[in-house]
Each structure stands twice: as structure tokens, then as C-alpha cells.
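Down below is the structure, laid out as C-alpha cells.
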Amino acid sequence: MAASAPTPHPPGSPAEGRCGYYVAKKRRFCRMVAAAGRRFCGEHAGAAEEENARKRILCPLDPKHTVYEDQLAKHLKKCNSREKPKPDFFIQDINAGLKDETEIPEQLVPISSLPEEQLENLIKKLKRASEGLSSALKDRILSHPALHDALNDPKNGDSATKHLKQQASILGNIEKLKLLGPRRCFVEFGAGKGKLSHWVDIALKDAEKVHFILVEKVTTRFKVDGKHKKKDSAFERLQIDIKHLCLNKIPVLSREKLPVVGIGKHLCGEATDLALRCLVETYGASCEERNEEPSAKRIKNKTDEEMNTMAQEGSGNNVLGKWTPVAGIVIALCCHHRCDWRHYVGRDYFRARGLGAVEFHYFQRMSSWATCGMRDSSVDASGVPTGQGDQSDNSEDHDNGGHGATDGHADSLPGCLPVEEKQQLGHLCKRLIDQGRVEYLRRKGFRPALQYYTDPAVSLENVLLTALPGQPAEATA
């Protein structure tokens, strides 16, 4: 005997004052409020033929909601999805980098589909280009008293503790570089909830004329900006893609001429390159053109190791003794597999080693091997393992908590390298991409350095890029 058809409407009726339209997919009545004297809400009035004279259509700006057809013109003027006027600091693609599309390779096959010989050639190129570069960096795992109470809060879960440890170490490195102090502007790129700026502000206490600019391209819930109402510090949030951000056009910077400290926690992939170009070229270079003061004295007769130590620990004097448009850069790097040749600042470094867009494409995909682990079921169509390493741009949780799975199944895959070798190659790819950023900063007159700022058990993305002004371009290798 065939089963009887489900009852279209369950027993009962909608709550008083609520819409009488039954939503079949949710198996309940609509819970929206109906206007006085009407049975259905505005959304369902047309579907229920309550108002035959008026028709509801999809909004052309956002099909997720509807509007009365005869009120479309009025709705378009106030719809939240309408294109809003661009602010003065929005300049299309000002930090985008490469304009010549002919350099961009056409659709390439995923790594998993590469012939074994071609993969071997890529690995040889990687090792040859990385000669002299160590995949291991110095440890600069620090902390700061400002986070002492928060770190020792027994209510913290594992995730909160890991984020706090990273924020404490980044803050400790900012202090070690002598970048904490009054009369400056901290620009946090990829700010998310703004917690890194929050702790910087706590550490500065009552320092005068400190401004924070939080740059985030998407709307963010649970922001901490509103907690800061101190007299001498101000928080300003800009919802904009870093690609289009011109810091020179922000009123507080053009008016106060505050030196900028660029900071970021887990600035994802290409966003790091966009931020570096935003600071160094768009903002720094234009400010120096207007600055009438002589440039800082060049540092001579320093070895690469001495320069790296100076960049990690700060010079003997306060780096802000002489005004400089960009006082320093402290960015925790993340998600190299999301880098893009169009925006990458180290293209000259790659070209000098006989590498181009094709090699960069595969190296940035291979970089995920360092953090994702190897699973026989975790390779997507692009050849990048999915799961732990495939992070959302807006997520603050790029930590991956611990090491990825490294079971023996990956070794048996056709054409696969041993797990340990893949992880080493992944780290080497990340190191090579980061070295391109280091050389870019050197050419632009900075003293850059890379270091580990947290333990891998806290975050597999544990490399911090720092830079202080003062390295002459002639010293570049």
C-alpha cells in the first residue's frame, strides 16, 4: 500500500499578528509580522495573492530579497546593496602591481596532474633558487605584560589561548623594535575584529596622539573598536580592499603627518604584498617626495647577518628619532598558497633566479604542503590539499592548531613524494616567496628580517616579517 502524501499544513495556525504563509521547506509558518488588517507579510503577499494589483520582483542589486515592482526606483536609492560613493582614499588598483596581463600564464594543470619529469624539474629549480637560504629561522618568541592577565584567564579555551600567545609575541616584537610610543599611527591590515590593535592600545596606556586605522574589506561582527574611548587615541575602521587603499588620502595622516607602523596578524596570501606596496610605494615614496628633510644616513660596511640582527632587534637609538613616513612593519605571514603573481612584490627576485609566473604558480601551490599534511583524500582540483590549509580570507583562525595528518597512506599514492620531503619542499617554497618580499623591502630602503614568533604547536603559520627604515638600496645582493 502506497504511503499517503504528507499533510501540506500541520495542525494549528500562525501566532497572532504573524504571517499566515506556510513555508514548506521549513515546515512551519512564516514568523514575520503582518501589517494590521492583513493576513500575510509583505514578502509573501504576492505569493499568497493577497494583493493582486501589486507584484513583487527580485531586487536587481541583490536577488536575496524582493521589492514591489512599482516601488523599484525608490528602493534602488536606499537599498543596502547599492554601490556607495567611493571615499577619497579609494583609488582603483593603486597597489595591485602588475598591469601587463601577458605575463600571467593561462590555465595550468594541477600539481597532481603534472608528469613526473616536469615535477622533478620544478623541484630542481626550487632547490637551485633556494641555495643559501635556510628553511629554519631564528626564534623570536616574545610576550608582553599587557596580555599577562588575559593569558592567565582560566576561562580561556585552547583557541583563545593560542590567539593570545600570538598577539603577545607580535606585541613583544613591536616593542623590541622600539615601535611602541606616542605620536604615530598604527595601520592594521586585515584587521578582522581588531584585536591586535586593541592590545597595542592597551600596551600604550595613555600615550598621546596615537591613532589606529583598521583595514578590512568585509563587514566583521564582534569588533572591539567600540571599547576604546580614550581621549588621546582614536580608532578608525576602513572597509576597503587593500588593493585600492591610498593612505595619503586619509585625513588624519595627511593632516597630522604621523609616522605609520604597519601591522597584521595572519595577513593572508596576496594581502601581504598589497599591504607592503601600500606602505612602501603608495604612502612612503610619495611622503618622501614631499619631505624637505634630508634622508637618513646610509648604513655602510655591514654584513648581511649584522643587518638581519639589527632589523630583528631595532637599532641602538629610537627608530623615530627622525621623522619617517613608514616607521616600521610587523606582519605575521600566512597562506602562501593564496599568493598571486599579479600582486607579488618579489617578481624581480624570482626573475633574477631564472623563474617566472609559471614557477611561481606551482611554488605557491606547493607551499601548502608545509602546513596541510598529506591525506590521500585531500587533494582538490587545483592540486592543493584541502581542509586545514584552505582558509577563508576573513577568518582569524589560520592557526591549524597542530601538525597536519602525516599518515603513511600518502606515500603509496602514484607519483607522490614521501610526506617528510613534501613538508620540507613546502617550507622551502614559503621561504623563497618570503625572501622575495625581504629583497623588495631592502631595495626600497628598509632593513627587513624573518623570524619565528610562535611555536608550531600554537600555529603552523608562525613566521613574522619585520622591517625598519634605513637599509640602502646599494646593499642589496
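- Ion pair Arg342/Asp340 flagged as a salt bridge, since at least one NZ, NE, NH1 or NH2 atom sits closer than 4.0 Å to an Asp/Glu carboxylate oxygen.
- By the neighbour-count criterion of 12 heavy atoms within 6.0 Å, atom CZ of Arg31 is sparsely surrounded, having that number or fewer from other residues, nucleotides or ligands.
- With a 6.0 Å radius and a threshold of 12 heavy atoms from other residues, nucleotides or ligands, Gln92 has its CD atom above the threshold.
- A search for ring pair (Phe, Tyr, Trp, His ring centres under 6.0 Å) contacts involving His144 returns nothing, not counting sequence neighbours.
- More than 12 heavy-atom neighbours from other residues, nucleotides or ligands sit within 6.0 angstrom of NZ on Lys86.
- Sorted by first then second residue, the salt bridge (charged side-chain N to carboxylate O under 4.0 Å, His left out) pairs that include residues 141-158, not counting sequence neighbours, number zero.
- For NZ of Lys223, the number of neighbouring non-hydrogen atoms (other residues, nucleotides, ligands) closer than 6.0 Å is greater than 12.
- Around atom NZ of Lys84, more than 12 heavy atoms belonging to other residues, nucleotides or ligands sit under 6.0 Å away.
- Below 30°, between 30° and 60°, or above 60°: for Tyr21 and His44 the angle between ring planes is below 30°, a parallel geometry.
- Crowding of Asn152 atom CG: a count of heavy atoms from other residues, nucleotides or ligands under 6.0 Å exceeding 12.
- Evaluated for a side-chain contact (heavy atoms from CB on, under 4.5 Å) with Ile213, the options Val260, Ile250, Leu245 yield exactly one hit, Ile250.
- Ring geometry for Phe212 against Phe186 counts as parallel: the plane angle stays under 30°, on a 0 to 90° scale with 60° as the upper cut.
- Salt bridge absent: Glu270 and Arg338 never bring a charged side-chain N and a carboxylate O closer than 4.0 Å.
- Take Glu188 and apply the side chain to side chain donor-acceptor pair (under 3.5 Å) test, not counting sequence neighbours, and it matches Ser197.
- Using a cut-off of 4.0 Å between Lys/Arg side-chain N and Asp/Glu carboxylate O, Asp434 and Arg431 are scored as not salt-bridged.
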